[in-house]
Novice: 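I have a structure I would like to understand better, so I am pasting it below and will then ask my questions one at a time.
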Amino acid sequence: MGTAVITGGTDGIGRELAREYLRRGFDVLVVGRSRQKGRAFTDSGERARFVAADLSLVAENRRLLEQISQRYPVIDVLVLGARYHRSTRTVTPEGFETNFALFYLSRFLLGHGLTGPLSRAEHPVVLNFGAAGQTGPIRWDDLQLERDYHGVRAMGHAGRLNDLAGLDFADRYATTGIRYVLNHPGVVVTSFAGEYDPVTAAQIDHLRVIGKPVTTAAAQILPFLEPANREPLTAVLEGRRVPLEPGLWKLGDARRLHDVTMRLLTG
Ligand SMILES: NC(=O)c1ccc[n+]([C@@H]2O[C@H](COP(=O)([O-])OP(=O)(O)OC[C@H]3O[C@@H](n4cnc5c(N)ncnc54)[C@H](OP(=O)(O)O)[C@@H]3O)[C@@H](O)[C@H]2O)c1
């Protein structure tokens, strides 16, 4: 049928998408940290696979890339969905701000690193959870938010970085046929994985009341992943296509972010 690789596929929206692709007959590999959650997924059938990895670490992303490339010569669907909220700024042992590392760098590495297997698929698609044009400017002088860190804003900022990463990706690999979908699902009741200060924890409790179920979020995303779609880049907000306004979606900014990121990774 096909192969789907889903980071953050052990919980929340990612898990719902993983279950749906299993139902459709795909081989599905989910990636997360918790082996217990991984086992719960692999128990659902022989086409369900799990790899444990801490994707906030560049080295773990590179190890994962090797494993995946050896095992899956063709990937039809790549979902980049791992996230973890931190109210307090932390830095990984490799020196990156943790949210930047998990929510942006990992997705950058896996997207670029899997273009080989993706480009061998008939209708390949990457789904990344970005801001879909919904948040403010990039902090070019402080990409890892050393000043005025706030957990919620950090996730919004990383979402915007992912928007630009998608724009660059779609342009860079235009000839491969790999489509890139950036999705903002709205408020969805998930595990909301993270470490929250009391104020943010209270906000999350509220979101658990007003949010939509993961089944609704998945139903709003899946149509945009279908082969019938043709655009190289699609931004989606809660099931609606968002116009790529030139003022916000600047290819020059996207290339600049790509270059800065490459320097961070090789420096
Ligand atoms: N829920 C919402 O309201 C909402 C709103 C806007 C955007 N989104 C976006 O939608 C996507 C899915 O979010 P969600 O709320 O469904 O997620 P979630 O329920 O919080 O689940 C997070 C997933 O990420 C994995 N994960 C966390 N830290 C990891 C790490 N260091 N390495 C590898 N995996 C890690 C978790 O696995 P383990 O537990 O095994 O670590 C889990 O599978 C995210 O990109 C999120 O930003 C969600």
Side-chain angles (χ1 to χ4, degrees), residues 5-20 28-42 50-61 63-64 78-86 90-94 96-111 126-135 151-163 165-166 181-196 200 203-218 220-221 235-239:
V5 173
I6 305 183
T7 71
T10 57
D11 220 325
I13 306 167
R15 182 173 61 187
E16 185 55 29
L17 293 172
R19 287 174 174 166
E20 176 56 26
V28 180
L29 172 71
V30 298
V31 185
R33 286 172 308 175
S34 160
R35 290 179 189 277
Q36 196 184 350
K37 289 184 190 177
R39 262 196 308 278
F41 181 69
T42 53
F50 166 71
V51 170
D54 179 350
L55 297 177
S56 66
L57 297 172
V58 172
E60 287 275 279
N61 282 278
R63 177 180 66 80
L64 180 69
L78 172 65
V79 175
L80 302 169
R83 52 80 79 191
Y84 192 87
H85 179 101
R86 283 176 199 272
T90 59
V91 173
T92 68
E94 294 172 334
F96 296 110
E97 188 274 306
T98 311
N99 186 67
F100 176 84
L102 178 63
F103 205 144
Y104 169 65
L105 265 191
S106 162
R107 297 171 184 205
F108 178 95
L109 284 163
L110 296 178
V126 178
L127 168 67
N128 190 357
F129 290 87
Q134 295 308 297
T135 52
V152 175
R153 284 201 298 273
M155 298 198 98
H157 190 256
R160 188 78 190 101
L161 298 182
N162 281 317
D163 279 3
V181 177
L182 286 156
N183 178 72
H184 188 310
V187 179
V188 187
V189 181
T190 65
S191 74
F192 291 113
E195 292 157 38
Y196 296 94
T200 314
Q203 289 165 348
I204 295 294
D205 286 344
H206 177 61
L207 297 186
R208 287 187 205 283
V209 176
I210 64 162
K212 66 183 98 164
V214 286
T215 45
T216 305
Q220 290 179 334
I221 293 167
V236 181
L237 172 65
E238 297 199 62

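When a ligand or atom number is given, it counts from 1 through the structure's own listing order. Heads up: numbering here begins at 1 and tracks the sequence.
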Novice: Looking only at side chains, do Thr98 and Thr90 share a donor and an acceptor under 3.5 Å apart?
Specialist: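 Looking only at side-chain atoms, Thr90 and Thr98 do form a donor-acceptor pair, the distance falling under 3.5 Å.
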
Novice: Name the residue from Asn61, Asn128, Thr7 that meets the side-chain hydrogen bond (donor to acceptor under 3.5 Å, both in side chains) definition with Arg107.
Specialist: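 When side-chain hydrogen bond (donor to acceptor under 3.5 Å, both in side chains) is applied between Arg107 and each of Asn61, Asn128, Thr7, only Asn128 qualifies.
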
Novice: Which of the numbered atoms in ligand 1 are below 4.0 angstrom from a heavy atom of Val187?
Specialist: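 Answer for ligand 1: 3 (O).
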
Novice: Can you sort out which atoms of ligand 1 are near Gly186, meaning under 4.0 Å from one of its heavy atoms?
Specialist: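 This gives 2 (C), 3 (O), 4 (C), 5 (C), 6 (C) as the contact atoms.
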
Novice: Which of the numbered atoms in ligand 1 are below 4.0 angstrom from a heavy atom of Asp54?
Specialist: 30 (C), 31 (N), 32 (N)

Novice: Using side-chain contact (heavy atoms from CB on, under 4.5 Å) as the criterion, point out the one residue from Leu80, Leu105, Leu109, Leu64 that pairs with Leu55.
Specialist: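 Result: among Leu80, Leu105, Leu109, Leu64, Leu64 is the only option passing the side-chain contact (heavy atoms from CB on, under 4.5 Å) with Leu55.
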
Novice: State whether the shortest distance between N or O atoms of His184 and N or O atoms of ligand 1 falls below 3.5 angstrom.
Specialist: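 No; the residue has no nitrogen or oxygen that sits under 3.5 Å from a nitrogen or oxygen of the ligand.
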
Novice: Enumerate the atoms of ligand 1 whose separation from the nearest heavy atom of Ser191 is less than 4.0 angstrom.
Specialist: 18 (P), 19 (O), 20 (O), 21 (O)

Novice: Which heavy atom of the protein is the closest neighbour of atom 7 (C) of ligand 1, given with residue, atom name and distance?
Specialist: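 Of every protein heavy atom, Pro185 CD, 3.4 Å lies nearest to atom 7 (C) of ligand 1.
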
Novice: Just which atoms of ligand 1 are under 4.0 Å from any heavy atom in Tyr84?
Specialist: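 It comes down to these atoms of ligand 1: 28 (N).
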
Novice: With a heavy-atom distance limit of 4.0 Å, tell me whether Phe192 approaches ligand 1 through its side chain, its backbone, both, or neither.
Specialist: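 Within the 4.0 Å criterion, Phe192 contacts ligand 1 through backbone and side-chain atoms alike.
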
Novice: Taking the six-membered ring for Trp, are the ring centroids of His85 and Phe192 within less than 6.0 Å of each other?
Specialist: no

Novice: Using a strict cut-off of 4.0 Å, indicate which atoms of ligand 1 neighbour a heavy atom of Arg107.
Specialist: 44 (C), 45 (O)

Novice: Heavy-atom distances under 4.0 Å are what count here, so tell me which part of Arg33 touches ligand 1: side chain, backbone, both or neither.
Specialist: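 Looking at Arg33 and ligand 1, atoms from backbone and side chain both fall under 4.0 Å.
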
Novice: If you count heavy atoms of other groups shown closer than 6.0 angstrom to CZ of Arg35, is the number above 12?
Specialist: no

Novice: Out of all atoms in ligand 1, which are within 4.0 Å of some heavy atom of Ala53? Include the element for each.
Specialist: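 Under 4.0 Å from Ala53, ligand 1 has these atoms: 32 (N), 33 (C).
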
Novice: Just heavy atoms, cut-off under 4.0 Å: does Leu80 contact ligand 1 by side chain, backbone, both, or neither?
Specialist: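 The answer is neither; Leu80 stays 4.0 Å or more away.
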
Novice: What atoms of ligand 1 come within less than 4.0 Å of a heavy atom belonging to Ala193?
Specialist: 20 (O)

